[in-house]
There are 2 protein chains.
Amino acid sequence: MKSSQKQTIYDIARQAGASPSTVSSALNGTWKARRIREDTVKRIKAIAADLGYSVNLQARGLRKARSGLVGMILPEHDNRFFSQLSQTFTTETRRRGLCPVIVSTRRDPGEEAKTVESLISYAIDSLIIVGASDPEALSRLCRNAGIGHVFVDQPCQSAPSVASDNHRGAEVLAETLMARMPPQRPDAPRSWLYFLGGDATLYASSQRIAGFRAAVSAQTGTVRAEQIIACGYEREPARQALKDLHDRLGGLPAGLLINSITSFEGVIAYLGALPETEIRDCVIGCYDYDPFGMLLRFPVDMIRQRANALIEEAYGHLDGGDDAPALTLIEPILVPAQEDQSAPA
Amino acid sequence: MKSSQKQTIYDIARQAGASPSTVSSALNGTWKARRIREDTVKRIKAIAADLGYSVNLQARGLRKARSGLVGMILPEHDNRFFSQLSQTFTTETRRRGLCPVIVSTRRDPGEEAKTVESLISYAIDSLIIVGASDPEALSRLCRNAGIGHVFVDQPCQSAPSVASDNHRGAEVLAETLMARMPPQRPDAPRSWLYFLGGDATLYASSQRIAGFRAAVSAQTGTVRAEQIIACGYEREPARQALKDLHDRLGGLPAGLLINSITSFEGVIAYLGALPETEIRDCVIGCYDYDPFGMLLRFPVDMIRQRANALIEEAYGHLDGGDDAPALTLIEPILVPAQEDQSAPA
DNA sequence: AACCGTTGCGCAATCGATGAAGCAACGTTA
DNA sequence: TAACGTTGCTTCATCGATTGCGCAACGGTT
């Protein structure tokens, strides 16, 4: 490491008594194809190491019209599901010798669009879009820039998409919960199973609601509108919605299917204020998984989405240059509630 | 959006009957300083919008020797503490009109170095380094490239650093736990408070261990080596360590201070297999916070690190161009255990 | 009319790496 | 020995945006 100033291939060329293009190909691995002698390459590499040289990837990217960056946008970082996606995405990206750029956009369509445009300006090689609010708009931006892209979680009509089998997952979860509940009576709202959280206008939630409906009506013959409370993906609204439900019913219902881990946090916050005995009478499940869910004061069935399978599948499309619109479903996993270990008094 | 081919300022210049340099400054906001008429700017902007033009940031970056990218490296994504840092970092970065690049490096020094080099090759404007394994090496890389950098969580001797006040946090947590425990007896290892998890060779853990020691010896006059089990930051080792402790003591100890949320997951996994009554006799706390920790089957005191304060402080150094080595401590917050609501039988 | 300041913009070099094309030197073959 | 293929490089244009310098046109002064 000689100087602290930026070294370029020209500096190396001067020291090596070679031309910049020789240095370039010696360092980027194309030297065999360009018939550079191995001695020369070694000499150049030695000088480069000595000078503490590192390529300027902006210059290379400008020349080659690709950057070696791969983008991923997602709603938020602070969420087990999304951060598992980030982890897998990072691993897969670096395995390919590329650099991951993960940006969270708070489910804000404007923010999403601005971020995608900005990533395009950096000439990212491809883009994975998780939980988009407006998939079509984003897909248009990418297509216009000629950038390969895949949607995850929230699919897009006009691009390859990968998602959990939300319908099936919610159905299985609802069935599991009902098996732990006393029979539901049509005239007793407190005896019903409720669906809480999510945004019914979005794909994932609507699929889960459909799965919920299928399971419930298979057992009870019908589903009431009040059983479905899609209060959004955030924490506080979920808490408030549960409070309202509790007030309205005069107690907790017999069953709760919470849609998304963040809503579950709100539910937890509310339940924390209730007497334990009351919670015991409510069967609870959550679509999404958190390891801590397994040791709560009450048993919780959880649905675990296969983050790595989702990303691997998405990368499969990108690697293959496949841009045909098609939705791939990945079956999620039911993580059954741990039986409570406390000796029943 | 005319063509799907990349548009450049030259294309716009041709259409506008202007020179590329005029187009450039019209679009990048320097047009006033360059005395371009406002009409001209408007005309150019209209054409740019029509063509669906977007700047090539690689070209700009090459010319200006900065990229508009700000890097952050951290050990893992799938961890509440780190993902909160990611979230705040993203917000702060975009607020400055820059683009966040967050890469996780699995606490692997080689991976860390390679990642930093790669980020430097992209000409990032500055870098935040979270939980580094080898801070000095990374700092050297950055200094050599003339890149402003700040360490978070794991400080560095030769660069500005920000960390939680781990000593104080662990001390407070230990005190809180001991207040819930029966008095410790020197000859009864099962009556002691144990420290479990983390890597004693790293700054954060060593500080926490010191805080733990201070609190415990203030109460009992002494701390045994066996009370401190620094089995690493991963899940499985923590689980195994607890199992070993349990086997050795013939039961759970009176108190456990778990170092890090990931270790806590391992602990949870082991506790799940024990009868509830046994867990009730063990007072538990965790250094790090997870909202789900609040409603576990047993009360847990938790220390919450102030992710946003950490990032804001770090950005303060970067914005100010401050590269003087100095460690800033941020006091973490004790989140006391929720009293158990279950009616004691 | 000569001079000057201002306005509005164009010219051309530059950032660092890449790669197509070309060239000199040497050995081979006919 | 003339023609030709190889080897091992060098030359130079290029990617797209930026920016220091310069210049023409115009209005106003003296």
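Worth saying up front: this structure is predicted, and the values here are computed from it rather than measured. Below, read A as the first sequence line, B as the second, and so on, with proteins coming before strands; counting in each chain starts at 1.
- At a threshold of 4.0 angstrom between heavy atoms, the contacts of A/A65 with the nucleic acid are absent.
- Among the protein residues, B/V23 comes within range of no part of the nucleic acid, since none of its heavy atoms lies under 4.0 Å from any strand.
- The backbone N or O of B/T201 sits nowhere less than 3.5 Å from a side-chain atom of B/S205 that would complete a donor-acceptor pair.
- When each of C/dA12, C/dG19, C/dC15 is scored by its nearest atom to the side-chain atoms of B/S21, the top-ranked nucleotide is C/dA12.
- To the nearest angstrom, C1' of C/dG16 lies 13 Å from CD of A/Q7.
- Both tests pass for B/R96 against the ring of B/Y315: distance under 6.0 Å to the centre and angle within 45° of the axis.
- Atom NZ of B/K64 and atom C1' of C/dC15 are 13 Å apart (whole Å).
- Residue A/L57 contributes atom CG, which lies 15 Å from atom C1' of C/dC15 at whole-angstrom precision.
- Sorted by first and then second residue, the pairs that involve residues 56-75 of chain B and meet side-chain hydrogen bond (donor to acceptor under 3.5 Å, both in side chains), not counting sequence neighbours, are B/R66-B/D125.
- For A/E234, the CD atom counts as loosely surrounded, since its 6.0 Å shell holds 12 or fewer non-hydrogen atoms of other residues, nucleotides or ligands.
- Residues of residues 32-48 of chain B that place a heavy atom closer than 4.0 Å to DNA chain D, in numerical order, are B/R34.
- Among B/V116, B/L119, B/I147, the one residue that satisfies the side-chain contact (heavy atoms from CB on, under 4.5 Å) test with B/L141 is B/V116.
- Put simply, CH2 on B/W31 is 14 Å from P on C/dT7, counting in whole angstrom units.
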All N/O donor-acceptor pairs, side-chain side in residues 74-82 of chain A, below 3.5 Å, sequence neighbours left out:
residue: A/E76; atom: OE2; partner: A/N79; partner atom: ND2; Å: 3.4
residue: A/H77; atom: NE2; partner: B/T90; partner atom: OG1; Å: 3.4
residue: A/D78; atom: OD1; partner: B/R80; partner atom: NE; Å: 3.1
residue: A/D78; atom: OD1; partner: B/S83; partner atom: OG; Å: 3.2
residue: A/N79; atom: OD1; partner: A/F81; partner atom: N; Å: 2.9
residue: A/N79; atom: OD1; partner: A/F82; partner atom: N; Å: 3.3
residue: A/N79; atom: ND2; partner: A/T262; partner atom: OG1; Å: 3.3
residue: A/R80; atom: NE; partner: B/D78; partner atom: OD1; Å: 3.0
residue: A/R80; atom: NH1; partner: B/E265; partner atom: OE2; Å: 3.1
residue: A/R80; atom: NH2; partner: B/E265; partner atom: OE1; Å: 3.4
residue: A/R80; atom: NH2; partner: B/E265; partner atom: OE2; Å: 2.7

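- Every residue two or more places apart in sequence or in another chain that forms a side-chain hydrogen bond (donor to acceptor under 3.5 Å, both in side chains) with B/Q305 is listed here: B/S164, B/D288.
- Sorted by first and then second residue, the salt bridge (Lys or Arg N to Asp or Glu O under 4.0 Å) pairs with a member in residues 11-26 of chain B read B/D11-B/R14; sequence neighbours excluded.
- Other residues, nucleotides and ligands place no more than 12 heavy atoms under 6.0 Å from the CD atom of B/Q157.
- Interface limits on DNA chain D: the 5'-most and 3'-most nucleotides within less than 4.0 Å of chain B heavy atoms are D/dG16 to D/dC21.
- The residue among A/T8 and B/S19 whose nearest nucleotide of DNA chain C is located toward the 5' end is B/S19.
- Spacing between atom CZ of A/R60 and atom P of C/dA17 amounts to 9 Å, rounded to whole angstrom units.
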